[in-house]
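Structure first, then comments.
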Amino acid sequence: MITPVMPTYNRIPLSFERGEGAWLVATDGRRFLDFGAGIAVNVLGHAHPALVEAVSAQAAKVWHVSNLYEIPEQRMLAEALVDATFADTVFFTNSGTEAAEGGIKLVRKYWAAEPSRTRCIAFEGAFHGRSTGAIAAAGGAKLTEGFGPLMPGFEHLPFGDIPALEATMDERVAAVFIEPIQGEGGIRTLPDGALKAIRAACDRVGALLVLDEVQCGMGRTGQLFAHERAGITPDVMLVAKGIGGGFPLGAILATEAAAAPMVAGSHGSTYGGNPLGCAVGVRVMQTVNTPDFLGAVRAKGGFMQQRLGALAANHPDLIEEVRGEGLMLGLRLTEGHAPAALVDVAREEGLLLVPAADRVVRLLPPLSITEDELAEGCARLDRAAGSIARVAA
Ligand code: PLP
């Protein structure tokens, strides 16, 4: 029977009344340690005082005016992003999907005068959102089946296969789209030097490099953006999730050259860059983009790598590998173990996790979480892993 909410999700029968930092309190009073953060969104946890203040103060002034007018909060956020990154200019959206869609449009427009530049290279296991363009860009059957005909032009290589990329690059390639760390694909990192090689391959044929940092950006790896550690810059970058700390907000960042064709009338959004979202985004940037905050994320990431390494050693029949960087972490399970089963038993222990592809369970806690809370989460995870192992035995 159809439900009032269209049944496109397999929902867990659990709802929350309030959040406090890294904790969520369910409507039945149970407290959960949140290692999902709304799928890498709540970078400052729940009900962070600075974000509550930012959204409340802006809500009392003006929520929405449309992009017919100047929006000072939007300009402030754009300036903060431009100051902190490779980008010269920013287009604001409400989600990662819209950022990906706009990024694809930017690439098409950039090459509009060269009709042979239509090849877009992307990677297996990718996720860029659910619009028709974004599913074509990602290419996986789970996303695309039944939604054809797909937007043409996308070709997919094995993730991180640099020789395959170098072999296929030619002057018909408009752009390469890649997540520096695949999130939905299973916290898959690139080999050292891969981003540098991809940048060089793009430069060799003049193609644009589009990085999707919707999940791995905004401090999650302990750098403001994950590509920074590789010592390269993209031409275009897609951002969302963490930038709004839970308020729907996304952005396309671009160099002046890449954005040159994006002139008045070329793209738009009613809500994108609205005062409420941008007021929150400014506060997120002010809080996250400091050496102390990012250093703390790296330290907490190191702590987690240690704890999870010990946990994996404790449960070798269940956990095959610890993956990731900073607080974007994954446990790859051994063959025959479904991530959803571990997520379910962890929830019974009061710990929220997120499954991913490639037999991976994701740990994406708020970046503001304390080391004690991380240790508590690992203890709960250890108990959950123990009960799975007992069931399996
Ligand atoms: N790109 C990446 C890398 C993502 O992880 C996601 C969402 O999970 C998206 C794009 C789409 O973002 P949204 O769900 O906000 O539309």
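Note that ligands are numbered from 1 as they come in the structure, with each ligand's atoms numbered from 1 the same way. Nothing fancy with the numbering, it's 1 onward along the sequence. Note that the coordinates shown come from a computational prediction; the quantities given were computed from them, not determined experimentally.
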Under 4.0 Å to a heavy atom of His128 - the qualifying atoms of ligand 1, by number: 1 (N), 9 (C), 10 (C)
Reported CG-to-CD1 distance for the pair Leu211 and Ile178, which is rounded to 0.5 angstrom: 8.0 Å
Approximate separation, where rounding is to 0.5 Å, of Ser269 OG and Phe92 CZ: 11.5 Å
Proximal atoms of ligand 1 relative to Asp212 (non-hydrogen, under 4.0 Å): 1 (N), 2 (C), 3 (C), 10 (C)
Where ligand 1 meets Ser95 - atom numbers and elements under 4.0 angstrom, heavy-atom basis: 15 (O), 16 (O)
Parallel, tilted or perpendicular, as decided by the 30° and 60° cut-offs, for the rings of His267 and Phe91: tilted
Which segment of Gln182 sits under 4.0 Å of ligand 1 when only heavy atoms are counted: neither
Nearest protein heavy atom with distance in Å, relative to atom 2 (C) of ligand 1: Phe127 O, 3.3 Å
Check: Phe177 ring centre within less than 6.0 Å of Phe123 ring centre: no
N or O contact, Gly96 vs ligand 1, cut-off under 3.5 Å: yes
Numbered atoms of ligand 1 (with element) below 4.0 Å of Glu179, judged on heavy atoms: 3 (C)
Under 4.0 Å to a heavy atom of Thr97 - the qualifying atoms of ligand 1, by number: 11 (C), 12 (O), 13 (P), 16 (O)
Proximity of Glu213 to ligand 1 by residue part, where a heavy atom lies under 4.0 Å: neither
Numbered atoms and elements of ligand 1 in range of Gln215, under 4.0 angstrom, heavy atoms: 5 (O), 8 (O)
Which atom of Asn42 lies closest to which atom of Gly245, heavy atoms considered: ND2-O, 3.6 Å
Where at least one partner belongs to residues 65-88, residue pairs that pass side chain to side chain donor-acceptor pair (under 3.5 Å), sequence neighbours excluded: Asn67-Gln74
Charged N-O contact under 4.0 Å between Arg229 and Glu325: yes
